[in-house]
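First the structure, in the form of structure tokens, and then the observations on it.
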There are 2 protein chains.
Amino acid sequence: MATGRTHRPATRSRGIPEATVARLPLYLRALTALSERSVPTVSSEELAAAAGVNSAKLRKDFSYLGSYGTRGVGYDVEYLVYQISRELGLTQDWPVVIVGIGNLGAALANYGGFASRGFRVAALIDADPAMTGRQVAGIAVQHSDDLEKIISDNGVSIGVITTPPGVAQQVCDRLVAAGVTSILNFAPTVLSVPDGVDVRKVDLSIELQILAFHEQRKAGEEHEGTAPPVAAHQDSSEQGPDGDVPAVMPA
Amino acid sequence: MATGRTHRPATRSRGIPEATVARLPLYLRALTALSERSVPTVSSEELAAAAGVNSAKLRKDFSYLGSYGTRGVGYDVEYLVYQISRELGLTQDWPVVIVGIGNLGAALANYGGFASRGFRVAALIDADPAMTGRQVAGIAVQHSDDLEKIISDNGVSIGVITTPPGVAQQVCDRLVAAGVTSILNFAPTVLSVPDGVDVRKVDLSIELQILAFHEQRKAGEEHEGTAPPVAAHQDSSEQGPDGDVPAVMPA
DNA sequence: CCATCTTTGTGCACGCGTTCACAAAGACAT
DNA sequence: ATGTCTTTGTGAACGCGTGCACAAAGATGG
Ligand SMILES: NC(=O)c1ccc[n+]([C@@H]2O[C@H](COP(=O)([O-])OP(=O)(O)OC[C@H]3O[C@@H](n4cnc5c(N)ncnc54)[C@H](O)[C@@H]3O)[C@@H](O)[C@H]2O)c1
Ligand SMILES: NC(=O)c1ccc[n+]([C@@H]2O[C@H](COP(=O)([O-])OP(=O)(O)OC[C@H]3O[C@@H](n4cnc5c(N)ncnc54)[C@H](O)[C@@H]3O)[C@@H](O)[C@H]2O)c1
């Protein structure tokens with residue numbers, strides 16, 4: 001999800017598989033909703049349905065955290081909320097900086113869902129002098145010249161990059177040099193970071209292209225009825241690599 | 001990535017693994033950059049580095065599309081751009097609607113990266129009467145009463161949901177009923193959709209929580225030096241399920 | 001035309017993640 | 001106390017994705 005060799009073998013940390021870690025926030029969200037409705041306990045089946053996963057998977061996920069359920073009854077909602085929160089590190093406060101306060105950066109800054117889970121927007125940073133001092137979401141935008149000082153003064157370890165792609169790598173480098181060890185990147189760029197730094201990316205364009213692929217596939221199948229799955233509409237391996245190809249062939 | 005049982009066994013479509021499909025846009029982006037620099041050919045090693053993946057993986061990915069490389073030389077950039085574009089369905093135009101034109105929806109509407117790859121914002125839809133008729137990114141916002149008509153008039157098959165979570169499911173239902181078969185969901189909700197509809201979600205909060213988990217783990221390890229990976233700081237299975245637990249125990 | 005050298009395409013093995021299926025645990029009623 | 005019934009926790013099997021390592025392909029130079 002990151003760069004050339006950013007991702008270590010990943011989360012073999014305390015034995016919790018990465019796939020499980022990625023689902024814990026999902027469970028936590030469902031549990032929080034139950035908690036707000038004062039539901040005392042929940043079965044793996046019910047909770048799995050709420051989180052949109054398989055109940056066996058959910059039970060196995062929870063088994064990595066310990067034996068927090070009661071057979072014949074289910075899981076205590078409040079207790080599980082606490083355990084997952086602690087496991088994810090949400091019982092402490094995480095100051096976050098957003099770099100690049102344009103359309104997207106401003107939207108993120110305004111997003112209430114941030115603060116709700118231990119994340120606090122510690123600073124907004126932009127390179128544009130015209131932005132400096134402007135209030136966005138009640139926070140004054142600071143100039144990127146002060147990036148290093150802002151990071152260290154606030155003890156920031158998580159940075160969000162919403163700059164144009166061309167400067168994302170250099171912004172990333174400065175963040176890392178200043179002490180940031182986790183980066184959430186919205187710019188469509190492959191970031192290189194040293195070992196020990198985690199990068200996750202959110203790439204709207206990629207998501208849409210994946211949807212387009214499936215969409216095209218659905219449209220193709222529809223035309224062919226229940227025809228053989230191979231060779232629907234124009235297929236590369238069927239009517240040969242050339243035929244309707246505008247581009248130049250290698251040889 | 002979607003709901004209870006949204007995801008079919010997935011992309012065993014024409015034999016292209018889902019994991020490969022998810023990487024094709026990455027390759028395409030790197031190839032487009034090379035193309036703009038008029039680089040004629042590229043080796044798997046170079047391209048893999050640019051895309052941030054393993055070269056063997058890249059070659060295997062391309063092998064699913066066909067034999068488009070030339071041994072001893074590499075891949076023809078233009079040709080590969082075309083082949084991947086075609087495979088992803090980007091040679092055709094995909095009209096997209098965005099529902100919920102608030103902070104995030106407006107940012108997406110303003111995003112130029114949309115149009116660059118065959119995606120065209122066909123309409124912006126919001127339930128707030130005060131928004132109706134307002135221009136966002138040069139497009140007039142339409143009222144959600146007309147959602148069904150907008151979808152069918154424009155032949156939209158891809159919808160983006162950026163409404164508050166509480167109404168996301170009902171917006172989703174209306175989109176699907178109107179003919180949308182692919183949804184990109186930004187609301188932190190588990191969407192239920194019938195078979196044949198693809199849902200992908202982008203969840204900022206989850207990404208941050210995953211980063212927080214790793215961040216906490218790094219901080220813990222640092223304190224313990226090269227201590228046994230088990231039982232770092234406060235470990236659930238070590239000092240027992242209770243001890244410092246504020247919540248109520250199940251039994 | 002032949003030799004050499006580069007780079008692809010893929011067979012194979014391995015590890016992770018998912019799912020099934022069931023024994024054990026415990027609640028609850030009698 | 002004992003039996004029944006519900007639900008957890010997990011062993012085991014399976015399938016997918018990854019990466020190694022190498023044979024084959026073909027370009028290039030003599
Ligand atoms: N807007 C979207 O919906 C959207 C969607 C997907 C991806 N993205 C990506 O997110 C990023 C931001 O998009 P946007 O629409 O907000 O762009 P934008 O142009 O509105 O904002 C970019 C901001 O970054 C600032 N900036 C430029 N260089 C900087 C630097 N060196 N240090 C600090 N700040 C700097 C600019 O002053 C500007 O305010 C882009 O990479 C874009 O590709 C945006
Ligand atoms: N802003 C962010 O950075 C951010 C980040 C992550 C997730 N999200 C999620 O994205 C969604 C939108 O966030 P936002 O900050 O833009 O919220 P917002 O309140 O600014 O915008 C929501 C918009 O949806 C419209 N809306 C409400 N009900 C509607 C309906 N039934 N049909 C059509 N439109 C309707 C509202 O009128 C409003 O314009 C939320 O679910 C939020 O949790 C936002």
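These numbers were taken from a predicted model, which means no experiment stands behind them. All chains are named by letter (A, B, ...) in the order of the sequence lines, taking the proteins before the strands, and each is independently numbered beginning at 1.
Annotation: A:Tyr79 is in aromatic contact with A:Tyr68 [ring centroid separation under 6.0 Å].
Between the CD atom of B:Glu45 and the P atom of D:dC20 there is a distance of 11 Å, rounded to whole Å. Distance, A:Asp76 CG to C:dG26 P: 16 Å, rounded to whole Å. The distance from atom NZ of A:Lys57 to atom C1' of D:dC16 is 13 Å, rounded to the nearest whole Å. With rounding to whole Å, A:Leu47 atom CG is found 13 Å from D:dT8 atom C1'. For B:Glu46 and C:dT6, the CD to C1' distance is 12 Å, given to the nearest whole Å. If you measure from atom CG of A:Asp61 to atom C1' of C:dT19, you get 12 Å, rounded to the nearest angstrom. At whole-Å resolution of the value, CZ in A:Arg23 and P in C:dT18 are 4 Å apart.
Residue B:Val73 is the one, among B:Lys60 and B:Val73, whose nearest nucleotide of DNA chain C lies closer to the 5' end (criterion: closest heavy atom). The nearest heavy atom of DNA chain D to B:Ala19 and to A:Ser63 marks one nucleotide each, and the one closer to the 5' end goes with A:Ser63.
For B:Ala56, counting side-chain heavy atoms from C-beta on, the closest listed nucleotide (C:dT8, D:dT10, D:dC20) is D:dC20. For B:Asn54, the listed nucleotide lying nearest its side chain is D:dG19; candidates were D:dG19, D:dG17, C:dG9.
Between A:Tyr75 and D:dG9 there is a side-chain polar atom (N or O) within less than 4.0 angstrom of OP1 or OP2. The shortest distance between the side-chain N/O atoms of B:Ser44 and the OP1/OP2 oxygens of C:dT8 is below 4.0 Å. Between D:dG11 and A:Arg59, no contact under 4.0 Å exists linking OP1 or OP2 to a side-chain N or O.
Of the options B:Phe62, B:Tyr82, B:Tyr27, a ring pair (Phe, Tyr, Trp, His ring centres under 6.0 Å) to B:Tyr75 is made by B:Phe62 and by none of the others.
For C:dT7, its base never sits under 3.5 Å from the side chain of B:Arg71 at any donor and acceptor pair.
By the 4.0 Å N-to-carboxylate-O rule, B:Asp203 lies close enough to A:Arg29 to be salt-bridged with it.
For the atom pair B:Ser44 OG and B:Lys57 NZ, the distance stands at 13.5 Å (nearest 0.5 Å).
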Determine whether B:Ile183 and B:Cys172 satisfy the following criterion, side chain to side chain contact (heavy atoms under 4.5 Å, CB included), listing intermediate values before the conclusion. CA-CA 8 Å; B:Ile183 290 177; B:Cys172 172; 3.6 Å; yes
